[in-house]
Amino acid sequence: LENNKDTLHKQIGALDKKTTEYINALNLFRKKFRDIYETLGEESKEQNRYFFAGINKKLSELDNDFTRHTIDYEPYGSHIVVEALLNDWVKAHLVVDTGASLVIISKEIADKLGLDTSRKESFILVTLADGREVKANPVILESLKVKDAELKNVRAAVLKDKAPAQEDGLLGMSFLENFLLSLDVRANRLILEEFYPEEKR
C-alpha cells in the first residue's frame, strides 16, 4: 500500500509539473501572439484576418479550460496570510502552508462555526507553521473560499490549544492541492489556477 501511495504521489507530482509547463507555454504563446499582432500594419492584418481570427478563436477556447484566481496576501515575516471565508459566513486569516496536509483552524474559529470538538477519541497530531506538533480534532468544512477560489467539503482539523496570535490557522494541502499555485512576491499576490477542460465543455 505504501509503495502504491508513493507511486501515486510521484505520478501526481509529474502531472502537476506538466500541467504547469503547459499553462506557462500557453501564456507565453498568447503574449507573443498579441505582441506580434500589435506590430503589424492594418494592411497585413486585413490580408491575414482569417488566420488571426482562427488563432484568437482557439485561444478563447483554451481560456475556457482555466480559471485563474488572483489573491492579495499579507506578508507576515516569512509567512503568507490570506483571508478565507469558512462555511460562507466566518472569516479567518490563514497562513498558506504547503507542508500541512490539512487545513487547520483554531478552536475560536471552530466555536464561531458551531463545530463539535468534544470528541476526545478522534484526536490527531498536526504540525503548525512553526514546527510544533499539537493535538487537533478532524472536521469537514462545508466550504472554504479564498476570494473567488472555492472548495466544498474540505478536510480540516481544529486545534485544541490556542493558535499563535497572528493566525487563525493554516491553509493546507486539503485545499491547495486542488489548484496550481504560484506567487507574485513583488505584488504580494497568490495565484491559484484551476484546470478542468472536460467539465467546462
Side-chain angles (χ1 to χ4, degrees), residues 5 8-9 12-13 15-16 19-20 23 64-74 76 79-130 132-183 188-201:
K5 284 171 62 178
L8 285 173
H9 279 300
I12 291 169
L15 181 59
D16 282 347
T19 306
T20 302
I23 292 173
N64 290 332
D65 291 350
F66 301 91
T67 300
R68 182 184 178 93
H69 309 285
T70 302
I71 300 139
D72 294 329
Y73 67 80
E74 304 170 26
Y76 196 99
H79 296 156
I80 294 169
V81 181
V82 296
E83 184 178 89
L85 185 65
L86 311 180
N87 291 0
D88 289 325
W89 69 288
V90 173
K91 290 182 179 179
H93 289 89
L94 304 178
V95 175
V96 177
D97 186 359
T98 57
S101 59
L102 298 176
V103 170
I104 298 172
I105 59 175
S106 67
K107 190 174 186 309
E108 290 82 359
I109 294 296
D111 289 342
K112 288 181 182 179
L113 290 166
L115 297 175
D116 180 13
T117 60
S118 62
R119 303 184 311 279
K120 295 181 179 180
E121 71 280 359
S122 63
F123 284 164
I124 59 174
L125 283 177
V126 296
T127 304
L128 300 182
D130 60 8
R132 288 186 297 127
E133 281 196 339
V134 297
K135 287 183 178 180
N137 271 117
V139 295
I140 298 292
L141 297 174
E142 293 175 9
S143 68
L144 194 162
K145 192 172 186 179
V146 180
K147 198 175 179 180
D148 53 352
E150 184 175 16
L151 193 66
K152 303 287 187 182
N153 300 318
V154 181
R155 292 180 299 113
V158 179
L159 295 179
K160 298 301 294 180
D161 300 323
K162 185 175 177 60
Q166 77 270 21
E167 62 187 34
D168 293 319
L170 303 177
L171 188 64
M173 291 305 289
S174 55
F175 178 83
L176 294 173
E177 67 185 0
N178 297 277
F179 304 90
L180 294 169
L181 184 152
S182 60
L183 293 174
N188 289 341
R189 287 176 179 165
L190 173 71
I191 300 165
L192 300 177
E193 291 189 275
E194 294 177 273
F195 177 58
Y196 41 99
E198 296 302 324
E199 294 180 16
K200 299 202 74 170
R201 291 185 178 170

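All residue numbers in this chain count up from 1 along the given sequence.
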Quiz prompt | Partners meeting side-chain contact (heavy atoms from CB on, under 4.5 Å) with L151 (sequence neighbours left out) | solution = V154, F175, N178
Quiz item: Under the side chain to side chain contact (heavy atoms under 4.5 Å, CB included) criterion, do L183 and I80 qualify, and how do the steps go?
Solution: CA-CA 10 Å; L183 293 174; I80 294 169; 3.5 Å; yes
Self-check item: Partner of L190 under side chain to side chain contact (heavy atoms under 4.5 Å, CB included), chosen from D72, T70, V96
Solution: V96
Quiz prompt | With D88 via side-chain contact (heavy atoms from CB on, under 4.5 Å) - residues at least two apart | solution = S143, E150, K152
Quiz prompt | Heavy-atom side-chain contact between R189 and I71 under 4.5 Å | solution = no
Quiz prompt | Closest approach of D148 to H69 (non-hydrogen atoms, all atoms of both residues) | solution = OD1-ND1, 3.0 Å
Quiz item: Which residues satisfy the side-chain contact (heavy atoms from CB on, under 4.5 Å) test with L85, sequence neighbours excluded?
Solution: K91, K145
Self-check item: With sequence neighbours excluded, residues passing salt bridge (Lys or Arg N to Asp or Glu O under 4.0 Å) with D111
Solution: K107
Practice problem: Could you tell me which non-hydrogen atom of I191 sits nearest to which non-hydrogen atom of R68, and how far apart they are? | Solution: CD1-NH2, 3.3 Å
Quiz item: A92: what forms a side-chain contact (heavy atoms from CB on, under 4.5 Å) with it, not counting sequence neighbours?
Solution: L86, L94, I109, D168
Self-check item: Residue of the set I105, L176, V81 for which side chain to side chain contact (heavy atoms under 4.5 Å, CB included) holds with L171
Solution: L176
Quiz item: Taking only residues two or more places apart in sequence, or in another chain, which ones meet N188 in a side chain to side chain donor-acceptor pair (under 3.5 Å)?
Solution: none
Practice problem: Please step through side chain to side chain contact (heavy atoms under 4.5 Å, CB included) for the pair R155 and V103, ending with a clear verdict. | Solution: CA-CA 7 Å; R155 292 180 299 113; V103 170; over 6 Å; no
Quiz prompt | Heavy-atom pair with the smallest gap, counting every atom of V158 and S106 | solution = CG1-O, 4.0 Å
Quiz item: Donor-acceptor pair, S174 side chain versus A156 backbone, under 3.5 Å?
Solution: no
Self-check item: Under the side chain to side chain donor-acceptor pair (under 3.5 Å) test, residues paired with N87 that sit two or more places apart
Solution: none
